[in-house]
Amino acid sequence: MKNYTAITTFILVGLTDDTNLQILLFIFLFLTYLLSVVGNLVIITLTLVYPHLKTPMYFFLRNFSILEVSFTTVCIPRFLYTMASGDNTVTYNACATQLFFVVILGVTEFFLLTAMSYDRYVAICKPLHYTTIMNNMVCIKFLIGCYMMALIIVIPPFGMGFELEFCDSNVIDHFGCDAAPILKITCSDTEFLEQFVLVLAVLTLLFTLVCVIMSYTYIIRTVLRFPSAQQRKKAFSTCSSHLTVVSITYGTCIFIYIKPHAKEGVAINKVVSVLTTSVAPVMNPFIYTLRNKQVVEAFKDMTKRVAFNFKKLNNY
């Protein structure tokens, strides 16, 4: 987004002008952000501290939690500051930086979910070779690959975006720096850029979704061959959390970006964007912990240790 004009700041419209509603939104977003950070940090801590959680599945879960904390931190604190201070201006560089990290982290999340589905495929379909196939080096390569793929996809259109000119308006009809409302206020021809971004987005979505579907197709076929119902239930339970998160992630993405052009859609997408950046990161730690006995047991053990150490400090 190279600035050829005098515009050096943007004005964010936000969600609402209603003061009472802004107060409720502030409380809601602050609490969800706090819960998201705490919940994901708990998962990160547990998977680092407890030896039985140092498996490929929890390696990916830990890095997914790091992504979630990073993603929500890029979006929510800035919005909270805007509502608290009333300062709805954002500099050109700050806007570009926020947009870059939001897109990079979002795209990386899709590839990481794909890697997690492959991990479940190997664990269930090839259990005897699981530790050999999904060794530490392979897991690290998968993780690096997720970030590299995101960079390869994001950098070309983002670089093209730096050539955009802003002539008349600097008002972004959103609560953050999102690509669609920014493209609406530029006076440059964005047809090619929009088509390019759409093609990349659709290809990314389809590629990752097809990989996830293929993994779970093989998983279902393998599980249905298990002799006992208990074995089948146990196998499916290890995948249920991941499937739930995949459904939420792909569902919200499709709802936001594959939509009819309508004025009502702007307001709806703002609300969905808030839910994506605040509610989803809160739900994910609970989805993974409440459905996973190993994580629940580790959390209970950590809570007991913290309580015991706290009592010892009080005795002194």
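Worth saying up front: this structure is predicted, and the values here are computed from it rather than measured.
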Worksheet entry | Criterion side-chain contact (heavy atoms from CB on, under 4.5 Å) on Ile133 and Val138, from CA distance to verdict | CA-CA 7 Å; Ile133 296 172; Val138 170; 5.6 Å; no
Practice prompt. Dump the intermediate steps for side-chain contact (heavy atoms from CB on, under 4.5 Å) on Thr89 and Phe10, then the final yes or no.
Written response: CA-CA 6 Å; Thr89 61; Phe10 293 110; over 6 Å; no
Worksheet item: Taking it one step at a time, do Thr32 and Ile76 satisfy side-chain contact (heavy atoms from CB on, under 4.5 Å)?
Response: CA-CA 10 Å; Thr32 53; Ile76 299 302; 5.8 Å; no
Discussion item. The test is side-chain contact (heavy atoms from CB on, under 4.5 Å); show your working for Ile185 and Ile172 and say whether it passes.
Written reply: CA-CA 7 Å; Ile185 64 172; Ile172 299 175; 4.0 Å; yes
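Heavy atoms of other residues, nucleotides or ligands lying less than 6.0 angstrom from CZ of Phe207 number 12 at most. No more than 12 heavy atoms of other residues, nucleotides or ligands sit less than 6.0 Å from atom NE2 of His129. Shown here is Asn136, whose CG atom has no more than 12 heavy atoms of other residues, nucleotides or ligands within 6.0 Å. The environment of Phe226 atom CZ is dense: over 12 non-hydrogen atoms of other residues, nucleotides or ligands sit within 6.0 angstrom. Atom OH of Tyr50 is surrounded by more than 12 heavy atoms from other residues, nucleotides or ligands within 6.0 Å. Within 6.0 Å of the NZ atom in Lys54, the count of heavy atoms belonging to other residues, nucleotides or ligands exceeds 12. Around OH of Tyr218, the count of heavy atoms belonging to other residues, nucleotides or ligands within 6.0 Å does not exceed 12.
For the 3.5 Å distance criterion, the side chains of Tyr250 and Thr208 qualify, holding a donor opposite an acceptor. The closest side-chain donor-acceptor pair between Asn40 and Glu68, if any, does not fall under 3.5 angstrom. Using a 3.5 Å distance cut-off with no hydrogens or angles, the side chains of Tyr33 and Thr73 do pair a donor with an acceptor.
Remark: aromatic rings of Tyr216 and His242 are close, center separation under 6.0 Å. For Phe142 and Tyr118, the ring centers are positioned less than 6.0 Å apart.
When all heavy atoms of Asn170 and Thr9 are compared, the closest pair comes out as ND2-O, 3.1 Å.
Counting heavy atoms from C-beta on, the side chains of Ile140 and Phe59 come closer than 4.5 Å. Side-chain contact check for Met83 versus Leu29: some heavy-atom pair is nearer than 4.5 Å. Counting only heavy atoms from C-beta outward, the side chains of Cys146 and Asn63 never approach each other to under 4.5 Å. Here the side chains of Arg78 and Tyr81 are in contact, with some heavy-atom distance below 4.5 Å.
Interatomic distance, Leu151 CG to Ile104 CD1, rounded to the nearest 0.5 Å: 4.0 Å.
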